[in-house]
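Beneath this line is the structure, given in structure tokens, with notes to follow.
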Amino acid sequence: MASYEIEDWVKPVNTFVLLGRPGSGKSRTGNTITGCNKAFEFGFHSKTTSKKCESKLTEICEAEVCVIDTPGVSVFEKQDFEDIQSALPEEGPSKIIFLLCVSIGRLTHDEISLINQYFAVFGDEFADNTIIIFTHLDEWESDMNDRNVENPKFDSYLHELPEQTKTIFRRFHNRYLPLNNKQKKREETQWNLKLMTIANSMQGFNISYNFPTVSYSSYLREMALNYSIYLREMAFRCLRNIQGKVFGND
């Protein structure tokens, strides 16, 4: 992980945009940042699970911060893009930082697909203006303790990830923070301090342009093509199995 020195900084109006799939811990992360457990509804049981972006203003280290919680999605569409734009502060943020929430130990093909969609929409600048938030740290530590692993180190988890996954995270310059959303207030304050330190070392993203339909359509066509190839190969395997059973070629 890249190291950041905690030092005095100017006081910009940062806007954090929470991204990720359903159950990735976005809303609880937003609550940690705002310091209010009821700022954003969370959990699958919630009757008010947001289908639209929600924004809250807060202050961290004397810096005004806007936190935007987005709906959990598996496919990032034009409407999601426009919802983020409409949720931005009217006076305009000085910088936008994406917080990509990924649940520890649950990085699936769907998660990777969604990350690739964000790149298709926001371009390569997405990596330069994103902090990966590894959520559910407390659950991971509990699981490791159940496996008789004492004092588990998060870096060891990253080290054991598949090489393909590591390559994806390297695109974000290994800029990440693990998060226990059930931590005590003092620990929460320290975590927010780390977040602000990293955020203030970043340039920030400009989201004022229109949804890039050309590049996104190209991505969808490529995804559909890959899926078609997968289905065709699966059909051929099934056909070969049937032929083997019929003609005794097993």
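Quantities reported herein were computed from a predicted structural model and do not represent experimental measurements.
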Sub-3.5 Å donor-acceptor pair from the side chain of [X] to the main-chain atoms of [Y], do we have one?
| X | Y | value |
| --- | --- | --- |
| K185 | G35 | yes |
| T197 | L193 | yes |
| S24 | S103 | no |

Report yes if the side chains of [X] and [Y] come closer than 4.5 Å at any heavy-atom pair, otherwise no.
| X | Y | value |
| --- | --- | --- |
| P71 | C53 | yes |
| M202 | I131 | yes |
| L161 | F169 | yes |
| I84 | L19 | yes |
| I168 | I112 | yes |

Taking all atoms of both residues into account, what is the closest heavy-atom pair of [X] and [Y], and its distance?
| X | Y | value |
| --- | --- | --- |
| I104 | L137 | CD1-CA, 3.6 Å |
| C66 | L57 | CB-CD2, 3.7 Å |
| T34 | N31 | OG1-O, 3.2 Å |
| I68 | A87 | CD1-O, 3.6 Å |
| M196 | I60 | CG-CG2, 3.5 Å |
| D128 | H173 | OD1-NE2, 2.7 Å |

Intermediate values then yes/no, side chain to side chain contact (heavy atoms under 4.5 Å, CB included), V67 and F40:
CA-CA 10 Å; V67 183; F40 301 107; 3.9 Å; yes
Quick check: F119 with F76 (ring centres under 6.0 Å apart)?
no
Between [X] and [Y]: side-chain donor-acceptor atoms closer than 3.5 Å:
| X | Y | value |
| --- | --- | --- |
| E188 | N192 | no |
| N180 | H136 | no |
| R175 | T130 | no |
| S27 | D69 | yes |

Verdict with reasoning, T135 to R28, per side chain to side chain donor-acceptor pair (under 3.5 Å)
CA-CA 9 Å; T135 60; R28 295 195 70 158; over 6 Å; no
Please step through side chain to side chain contact (heavy atoms under 4.5 Å, CB included) for the pair L114 and Q117, ending with a clear verdict.
CA-CA 5 Å; L114 183 59; Q117 290 175 50; 4.1 Å; yes
E59, CD: over 12 other non-hydrogen atoms inside 6.0 angstrom
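For E59, atom CD is crowded (more than 12 foreign heavy atoms under 6.0 Å).
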Could you go through the side chain to side chain contact (heavy atoms under 4.5 Å, CB included) check for K166 and H159 one step at a time?
CA-CA 8 Å; K166 292 180 184 178; H159 180 72; 4.3 Å; yes
Can you tell me how far the [atom1] atom of [X] sits from the [atom2] atom of [Y], to the nearest 0.5 Å?
| X | Y | atom1 | atom2 | value |
| --- | --- | --- | --- | --- |
| I133 | L177 | CD1 | CG | 5.0 Å |
| Q183 | D138 | CD | CG | 9.0 Å |
| T165 | R170 | OG1 | CZ | 10.5 Å |
| L179 | L99 | CG | CG | 10.0 Å |
| F205 | I97 | CZ | CD1 | 10.5 Å |
| R21 | K26 | CZ | NZ | 11.0 Å |

Please confirm whether R171 makes a cation-pi placement over F126, using NZ or CZ under 6.0 Å from the six-membered ring centre and within 45° of the ring normal.
no
Y176 vs F154 aromatic rings, parallel, tilted or perpendicular, using cut-offs 30° and 60°?
tilted
For the pair K182 and E187, find out whether any cationic side-chain nitrogen is under 4.0 Å from an anionic carboxylate oxygen.
no
Would you check, one step at a time, whether the test ring pair (Phe, Tyr, Trp, His ring centres under 6.0 Å) holds for Y118 with F98?
CA-CA 10 Å; Y118 290 140; F98 295 112; 7.7 Å; no
T29 and F16: CA distance, side-chain angles, deciding distance, side chain to side chain contact (heavy atoms under 4.5 Å, CB included) verdict:
CA-CA 11 Å; T29 299; F16 293 119; over 6 Å; no
